[in-house]
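Here is the structure we will look at.
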Protein chains: 2
Amino acid sequence: MLELSKRVIDMPASAIRKLHDYSVAAKNKGIKVYHINIGQPDIKTPEKMRRAVAECKAEIIPYTPSQGLDSYIKKMAKYYQAHSIDVKEEDIIITVGGSEAIIFALMAVADPGDDIIVPEPFYTNYNGFAHMAGVNIIPITTYIENGFKLPGIEAFEKVKTPRTKAVLFSNPSNPTGTVYTREQLVDLCKFCYDNDLYIISDEAYYEITQRDKIITLLNLEGLDFDIRNHTIVIDSISKRFSACGARVGAIISKNNNFMKQVLKFCQARLCAPYYGQVMGEAALDFADEYLVELSQEYQKRIDATCEELSKNLKIKYHHSEGAFYIMVKLPIKDSDDFAVFLLKDFYSINPQTKEKETIMVAPARGFYKTHNLGSDEIRIACVLEAEKMRRSVQILNEGLDVYLSKK
Amino acid sequence: MLELSKRVIDMPASAIRKLHDYSVAAKNKGIKVYHINIGQPDIKTPEKMRRAVAECKAEIIPYTPSQGLDSYIKKMAKYYQAHSIDVKEEDIIITVGGSEAIIFALMAVADPGDDIIVPEPFYTNYNGFAHMAGVNIIPITTYIENGFKLPGIEAFEKVKTPRTKAVLFSNPSNPTGTVYTREQLVDLCKFCYDNDLYIISDEAYYEITQRDKIITLLNLEGLDFDIRNHTIVIDSISKRFSACGARVGAIISKNNNFMKQVLKFCQARLCAPYYGQVMGEAALDFADEYLVELSQEYQKRIDATCEELSKNLKIKYHHSEGAFYIMVKLPIKDSDDFAVFLLKDFYSINPQTKEKETIMVAPARGFYKTHNLGSDEIRIACVLEAEKMRRSVQILNEGLDVYLSKK
C-alpha cells in the first residue's frame, strides 16, 4: 500500500488556521468577521519599503548570496552598532522569515530525539518546527494568574536531561505579551551557560515594545560569564514592519562555528527572497522613528482592548507588556468549541451599523505542549485599530454570555 | 561542552558555492571570471513580471494562504488545462522555490532512515535535502558514455529495500541535460506502481526544452495502471522565467491525502513570498510564446557550447536534450583541483580585448552519491549568451592543456 510518512501524519495541524472554513461560512452568511486570531496587522507596510521594491533597478531577479544580500547585511550590522549592540556582518544570516530561522536553529543545535526546553504557552508553530526537526519540546508551564512569570531556575533544572540542547523562548512573548526582565534573562543565561545549552531568543516582536522596556539577548551586558557562544537570536521583519508576506527574517549569533554550519542549510535552499530583502534593507533607513510610532500604536490597541476586557469580571487576562497579543482566560471548558461557536452559531448586531458581526479568536490549546492546558484560554491579536479592538471585545463578551447561557 | 548537532556537522557543504572565495580572489587580481558554474541565467527576468511587482496595488504585503495566492493557483490550474493537462486548483501548493517543494515532498513520503532511489549524477542539493530530512539517497549510476541513459528497471529492483519510499529524478535532468523518453517514464512508473513507491519528478527545467520533446509526468497518458496517486511533480519559476530570487515553486499532485498532509508543513512556515507569487502569476499571461523563444535561446547556447567542446578530442560531453547544463568528462583525476586551478593559477588572454579571463565551473563530484564518481567530470551551465559560452569553452580547453602539462 502507498503510505505517507509517520512524520507528516503526526505533524500538528495549524491551531489558528483550522477555523478558516467556519470563518468563510460566516462571511458567506453576510456576517462581518473581525480577525483577531492571527498576527496579520492591518497597518500598511511602510510606503518606503514598497517603493524600494517598485523602484528596484534590477533587471534580473537573481539568487542572492545564501547568507543574504551583502548590502542588507552591512546595513543591518550598522543599525545594530548605531544602537550600541555588538553585531558584525558575519553574525547575520538572512532567512525566509523567522520561521526558517527557528527551524534551522533547532536543526543545528539538536539531533532527532533531543530535547529543547520551552516556556509554555509558546508560539504554536514551535510545535510544528520541533516536529519537523524531530526534536522534543519539554515545556515549562507559566500561568496567567501571575502574568506568565517564569518559574525559578529549579524548574528548568528539574526537566533537564542529557539530551537537552537548548532553551527556546520568544521575548516579547507570543502569545502572552510578557517581556522578560533582566533578572530573568540573566538566570536563563546562567542556566544555559552552566549546562552547555544554547539559548534561542525569538525576538520577532522586539521593537514593537518600547525600547527602554525590553532587553535583546544581543545586548545583555555585565554578566560575569561569557554567554555569546550560546546565544542565538531570531529576527523577522514581518511584524515590526507589517511585512508578513515578504518572508524575511534573520539568525543572529556571535558563535562563528554555529553560523558556518547553519550556512550549509542555507546553501541547500539557495537564498531568501530578493524583493523581501530589498524591503528589509529599505526599512532600516527609517526604522528608528517608525518603530517608536508603531509601538505607541500597538500600546494604544492593547490598552483599549484591556480596558474593554476589564469590564467583564468573568474574564481574566494578562495586560501585555510587549508584542501585540493578549491571553484571556474564560469560564469555559473548551475554547476550540467556543471559537467555532462564535463563527458558526453566533453573531452580534453592531449598535451603529446594525450589521451582523462576530470575531475569530485563536483557541489557546495549540500554544501549550502539556495536554489540555489552554482549553479555557484564547489569544487575542491586537492587529486591528483600537476602536475595532474595543468592538471585538464587546462581541467576545456578548458571545461568551450567550455561550454560557446555552451550556 | 557546547556542541552542535551531528546533523548540521554532517550536512554536505555546497559543491558549487565553495569555489566562491577563489573566484573573488581572481576578480581582485583583475581577472574576468565567466560564471558557468551555477544555474543563474544572464537572461533578464521578463519585464512584465517585474512590472507586475512595481505596479502591485497592495498596501499591506500580507501572509498569503499557506497553499498560495488564490488567484495564482486558479491561473496555474487554467494554464495546465489549456495545455490539456489535468491539474485542478486543489492539486497545487505554492512553495518557497523548488527547494522547499523537494524537501517537503521527501519529508512527507519518507521517515528518517528511509530510502529514496535517485539516478546519479543528480542535482547536488538533493544530497542536502535528503540529509536534512534524514533520508538515504540510493543512487542508480548513469554514464556519460551512453548519454546518461537510465539502466533497465532490474537495476532499480536490485537496490529496492523495504524502506524504499520513492524514486526522485529531474526531467530534463540537472546536471546531465537528459530528457526521459516515454518508454523510460512508463517503466519508472510501472516500477513505482508495482512497489507502492512515490515517483517524484523535478520538472524545474520542463519548458526550457521544446514542448514536443518532453513529457511531464502530469500528462503521461495511455497507461494500463493508475499512477496518479503516486505522482508528485516539482515546479519552479526560477529557471524558466529567470526569476531565481523570487523563491517561488510548487508541488503538484493529484494525491489528495498527500496534499492535505503536506499543507501542514506549509502552515507551519506560513506562506511563500507575496511578491514572488505576484511574479509567478504575471508570468502565466505570456508564458506560451515566451518559453518557445527561451527554449530556442538555450538551444543556441547549448549547440554553440557543444560545437566548441567537439573541437577538443581530449574531452567527452553529452549534447543536452533539455535544461541548460552540459556534463563534460576530462582527462584528469580531480575536477575539484582543476576548478580551483582555473581560478587560482590560470588565466587566458582574450584575443580581442587582451583582458585576463578565466572560468568558474562546477566540479561534478557533488552530483554523485557514489564515492569519487564525477572526479573527472565538470558541469557547464549554459547561462551566458552563445558567444560567451564559446569563449568559456576556449578558456576551458586552454586551461586544460596548461593543467595537464603541469601534472
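Just so it is clear, the model here is predicted, and its values are computed rather than measured. Heavy-atom basis, side chains included; hydrogens, waters and symmetry copies ignored.
At least one donor-acceptor pair closer than 3.5 Å links the side chain of H230(B) to the backbone N or O of L197(B). Checked by atom type and distance alone, the side chain of S242(A) pairs as donor or acceptor with a backbone atom of I43(A) at under 3.5 Å.
Ranking N195(A), L2(A), I9(A), N125(A) against chain B, the residue ahead of the rest is L2(A), based on heavy-atom pairs under 4.5 Å. Each of G276(A), G128(A), A108(A), A54(A) has some count of heavy-atom pairs under 4.5 Å with chain B, and the biggest count is that of A108(A). Per-residue counts of heavy-atom pairs under 4.5 Å with chain B were compared for Q277(A), R269(A), M11(A); the largest is that of M11(A). Ranking R50(A), Q40(A), Q261(A) against chain B, the residue ahead of the rest is R50(A), based on heavy-atom pairs under 4.5 Å. Listed options T45(B), D114(B), N127(B), V262(B) were ranked by heavy-atom pairs under 4.5 angstrom with chain A; first place goes to T45(B). Each of D42(B), V53(B), N255(B) has some count of heavy-atom pairs under 4.5 Å with chain A, and the biggest count is that of V53(B).
A heavy-atom distance below 4.5 Å is found between the side chains of R7(A) and M107(B). Residues I200(A) and I234(A) have side chains in contact (heavy-atom distance under 4.5 Å, counting atoms from C-beta outward). Counting heavy atoms from C-beta outward, V118(A) and Y123(A) have side chains that stay 4.5 Å or more apart. Using a 4.5 Å cut-off on side-chain heavy atoms (C-beta onward), R247(B) and Y274(A) make no contact. Annotation: side chain of S236(B) is not in contact with side chain of V248(B) (no heavy-atom distance under 4.5 Å).
When heavy atoms are compared at a cutoff of 4.5 Å, V278(B) does not approach chain A at all. Both the backbone and the side chain of N257(B) have a heavy atom closer than 4.5 Å to some heavy atom of chain A. Contact annotation for L263(A): neither backbone nor side-chain heavy atoms come within less than 4.5 Å of a heavy atom of chain B. Contact annotation for H131(B): neither backbone nor side-chain heavy atoms come within less than 4.5 Å of a heavy atom of chain A. Interface remark: N229(A) contributes backbone and side-chain atoms alike to the contact with chain B (heavy atom separation under 4.5 Å). Contacts of P12(B) with chain A are made by backbone atoms alone, with heavy-atom separations under 4.5 Å and no side-chain atom involved. If you measure heavy-atom distances from I102(B) to chain A, you find no contacts under 4.5 Å at all. Contacts of A58(B) with chain A are made by backbone atoms alone, with heavy-atom separations under 4.5 Å and no side-chain atom involved. With a 4.5 angstrom heavy-atom cutoff, L69(B) does not touch chain A via any of its atoms. With a threshold of 4.5 angstrom between heavy atoms, S99(A) approaches chain B through side-chain atoms but not through N, CA, C or O. Looking at M279(B), only its side chain comes within 4.5 Å of chain A, counting heavy atoms on both sides. Contact annotation for A133(A): both backbone and side-chain heavy atoms come within less than 4.5 Å of a heavy atom of chain B. Proximity to chain B is limited to the backbone of L106(A), based on heavy atoms less than 4.5 angstrom apart. Residue I103(B): no heavy atom, backbone or side chain, is found under 4.5 Å from chain A. With a threshold of 4.5 angstrom between heavy atoms, F104(A) approaches chain B through side-chain atoms but not through N, CA, C or O. For P41(A), the part lying under 4.5 angstrom from a heavy atom of chain B is the backbone only.
Ring geometry for F241(B) against Y290(B) counts as parallel: the plane angle stays under 30°, on a 0 to 90° scale with 60° as the upper cut.
Contact record, M360(B) with H35(B): SD-CE1, 3.6 Å, taken as the closest heavy-atom pair. Heavy-atom minimum distance, V96(A) versus C271(A): CG2-O, 4.3 Å.
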- Query: D111(A) and K6(B): salt bridge (Lys or Arg N to Asp or Glu O under 4.0 Å), yes or no, with the steps?
  - Reply: CA-CA 6 Å; D111(A) 275 310; K6(B) 192 173 172 326; over 6 Å; no
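For NZ of K260(B), the number of neighbouring non-hydrogen atoms (other residues, nucleotides, ligands) closer than 6.0 Å is 12 at most. For CZ of R228(A), the number of neighbouring non-hydrogen atoms (other residues, nucleotides, ligands) closer than 6.0 Å is 12 at most.
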